[in-house]
Amino acid sequence: MTQAAGATIRPRVEPGAERPAGRRWRPWEVLPPALLLALGTVLLLPGHGLWFDELFTAEVSRRSLGTIVSAVVQGRGTTSYLVDVPPSYNAPYYLVTWAWSALPGLGGDTSLRVLSLLAAAGGLALITRAVSRLAGTGTGVLAGVVVASSPLLLEQAVEARSYGLAVLATGGALLGLTRWLQDPPTGLVLFGLAGAGMGLAHWYAATVLAAFVLAALVLRGRRAVGPAVVGAVAVLPTVGLIVVNLLNGTGSRNAEHLRDTGGELAALAATAWAGGRGPALYLTVGLALVGAVRARGVRLVAVSWVLVPLALLMTAEQLRPVYHPRYLLVGLIGLGVLAAAGAWALPRKARGPATALLVGCSLVAAAPLADRGPRERSDDVVALLAQFHRAGEPVVAADQRSATGLDHYVRVAAPGLRPDVVLPPDDAPGSADRVWLVRRLIDGEPVPTDDDAVLIGAGLRMTEQWDFPAAKTDLVVQRWDRPGRS
């Protein structure tokens with residue numbers, strides 16, 4: 001057949017290649033990252049002190065670049081009381097926080113949390129843009145809002161850990177994939193660089209990179225050689241990081257934090273995404289099923305985003321426990337995207353109510369985060385010691401967690417205590433007439449240490465105790481006195 005003169009030849013539109021939002025940015029697309037920044041700011045305003053994982057970030061980030069790299073390669077800690085806790089698992093994150101902390105005015109505790117929040121907001125902006133290009137501005141903005149109001153994302157986005165950077169890298173990889181789907185080979189460089197960043201920010205995020213590659217293969221078949229090759233190359237830095245951890249002896253050090261779900265990993269993951277709230281869980285899963293059937297443009301990408309990480313982790317669980325809610329965060333973002341796509345795919349009369357219910361249930365599930373107390377109160381411990389301690393009285397950290405918080409907050413808030421601070425592996429001195437002992441409680445009981453025997457053997461007795469309960473770590477300050485001490 002001969003094309004009529006003057007007629008316009010239109011390329012065939014393939015599944016996943018629709019461009020209803022076009023290339024232009026839409027003002028509404030700033031709503032999701034702005035919402036995340038607003039909600040995150042509310043969570044940061046109480047100014048609670050850092051807890052152990054965040055304190056570890058602060059401890060490592062203040063070291064020199066050479067010290068950090070050496071500790072990662074050799075598999076050793078950066079200080080005496082963390083000698084068996086090397087910064088190897090999230091090594092790339094600590095390099096980023098080192099650079100961030102080196103900037104003028106950005107060395108404080110809050111700035112480390114702000115880095116995570118800004119990274120998560122940036123990732124959400126990229127996710128919103130990508131979904132908008134695939135399925136339209138309405139679906140993209142709703143997906144961003146749903147993700148921004150997720151309890152699991154909000155909780156991790158305001159902590160000084162690597163999850164914000166993982167969200168940022170995931171957003172970049174998704175946008176790179178979207179560009180490639182709509183205008184190959186555009187987007188492959190972004191897909192590769194961001195894909196490498198995903199696994200380096202958190203190992204589990206590599207499962208989402210695999211999902212994106214599978215989506216490209218399903219949508220484009222043999223023409224998806226580019227994303228497949230780029231994805232395979234992008235995962236190599238993560239493999240290298242795993243090899244380093246195996247060689248330096250830290251390969252399974254964090255395994256005690258993982259749990260065997262008995263085959264319920266998918267259900268527990270969805271529950272964690274919904275903050276444990278039934279209405280949010282059922283509505284999210286129900287709309288995600290609608291999205292898997294009815295959504296256009298983003299459906300195959302989102303379905304892969306949900307199913308591939310879950311399938312890989314459920315397979316891995318046959319060999320060893322792999323489940324921890326926050327570890328699955330990047331994969332569960334796909335669940336929020338698919339639920340939003342399902343809500344927007346409903347008939348127009350049902351779209352508004354479904355959208356309002358989905359966002360409303362997410363916000364209700366996230367609301368308790370605004371009232372949560374401190375996760376650890378090392379800052380309050382040091383404030384108490386600064387008030388009652390007298391020069392020459394030893395202040396002893398009895399365990400690793402107590403030492404991390406005591407060392408940090410003495411440095412930043414009460415440097416006058418420094419000459420009397422005793423950190424592990426050193427034990428409490430038995431020669432003093434009064435000793436302040438800081439220790440961790442587990443199930444309401446102090447963690448046993450050699451300090452008890454040393455102090456009792458030296459004739460000291462505990463005379464007063466102050467409790468500092470918190471959501472993550474319970475601490476206690478004990479005052480030990482020699483009989484007759486006034």
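No experiment lies behind these values; they were computed from the predicted model shown. Because only heavy atoms are used, hydrogens play no part in the values below, and waters and symmetry mates are left out as well, while side chains stay in.
- The main-chain N or O of H202 is never found under 3.5 Å from a side-chain atom of Y93 such that the two would form a donor-acceptor pair.
- Between G77 and A71, the shortest heavy-atom distance links the atoms O-CB, 4.5 Å.
- The side-chain heavy atoms of D399 and Y81, taken from C-beta on, include no pair separated by under 4.5 Å.
- Put simply, the side chain of S70 never gets that close to the backbone of G66: no donor and acceptor are under 3.5 Å apart.
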Under the side-chain contact (heavy atoms from CB on, under 4.5 Å) criterion, do F191 and L209 qualify, and how do the steps go? CA-CA 9 Å; F191 181 67; L209 178 63; 3.8 Å; yes
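- Distance OG/S150 to CH2/W273: 3.5 Å, rounded to 0.5 Å.
- For the 3.5 Å distance criterion, the side chains of T473 and R401 qualify, holding a donor opposite an acceptor.
- A135 and T139 make their closest contact through O-OG1, 3.6 Å (heavy atoms, listed as atom of the first residue, atom of the second, distance).
- Judged purely by atom type and a 3.5 angstrom limit, N248 uses its side chain to pair as donor or acceptor with the backbone of V72.
- Between the side chain of T404 and the backbone N or O of Q400, at least one donor-acceptor pair lies under 3.5 Å.
- Annotation: side chain of L241 is in contact with side chain of P92 (closest heavy-atom distance under 4.5 Å).
- The two residues L168 and G122 have their closest heavy-atom pair at CD1-C, 3.7 Å.
- Taking the ring centroids of F56 and Y94, they lie under the 6.0 Å cut-off.
- Checked by atom type and distance alone, the side chain of E317 pairs as donor or acceptor with a backbone atom of T261 at under 3.5 Å.
- Between R294 and P347, the closest side-chain pair of non-hydrogen atoms falls below 4.5 Å.
- Side-chain contact between P325 and E155: absent, with no pair of heavy atoms (C-beta onward) separated by less than 4.5 Å.
- Across Q318 and M314, no two heavy atoms sit closer than the pair NE2-O, 3.2 Å.
- Distance check, rounded to the nearest 0.5 Å: CG of L190 to CG of L174 gives 9.5 Å.
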Can E59 and T78 be said to form a side chain to side chain donor-acceptor pair (under 3.5 Å), step by step? CA-CA 8 Å; E59 158 61 29; T78 57; 3.1 Å; yes
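- Of the charged side-chain nitrogens involved, at least one lies within less than 4.0 Å of a carboxylate oxygen, so that D53 and R161 count as a salt-bridged pair.
- Counting only distance, with no hydrogens or angles, the side chain of S162 and the backbone of A201 share a donor-acceptor pair below 3.5 Å.
- Distance check: T57 OG1 to R113 CZ gives 10.5 Å after rounding to the nearest 0.5 Å.
- Nearest approach of L236 to A232, heavy atoms of both residues: CG-O, 3.6 Å.
- With respect to the salt-bridge test (charged N to carboxylate O, under 4.0 angstrom), the residues E159 and R375 qualify.
- Under a 3.5 Å cut-off, the side chain of W305 and the backbone N or O of V330 do form a donor-acceptor pair.
- Taken to the nearest 0.5 Å, the CG atom of L312 stands 6.0 Å off from the OG1 atom of T207.
- In this structure, Y409 contributes its side chain and L50 its backbone to a donor-acceptor pair below 3.5 Å.
- Side-chain contact between F52 and E376 is present, with at least one heavy-atom pair separated by less than 4.5 Å.
- Closest heavy-atom contact between A160 and S116: CA-OG, 4.0 Å.
- In this structure, W203 has its ring center no closer than 6.0 Å to that of Y327.
- With hydrogens and angles disregarded, no donor-acceptor distance shorter than 3.5 Å links the side chain of R76 to the backbone of V83.
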Going through the checks in order, is the side-chain contact (heavy atoms from CB on, under 4.5 Å) test met by V158 and L154? CA-CA 7 Å; V158 293; L154 279 170; over 6 Å; no
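- In this structure, OG1 in T186 is found 11.5 Å from CG in L181, a value given to the nearest 0.5 Å.
- Side-chain contact check for L126 versus T170: every heavy-atom pair is 4.5 Å or farther apart.
- If you take CG on L193 and CG on L188, they are separated by 11.0 Å, rounding to the nearest 0.5 Å.
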Given the rule in the side-chain contact (heavy atoms from CB on, under 4.5 Å) test, do L289 and V293 qualify, once you have shown the distances and angles that lead to the verdict? CA-CA 7 Å; L289 292 175; V293 175; 5.9 Å; no
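- The shortest side-chain heavy-atom distance between F212 and V308 does not fall under the 4.5 Å cut-off.
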Step-by-step side-chain contact (heavy atoms from CB on, under 4.5 Å) determination, H48 to R372: CA-CA 10 Å; H48 297 312; R372 66 176 180 170; 5.6 Å; no
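- Here the side chains of L363 and L39 are in contact, with some heavy-atom distance below 4.5 Å.
- A donor-acceptor pair under 3.5 Å is formed between the side chain of Y204 and the backbone N or O of V322.
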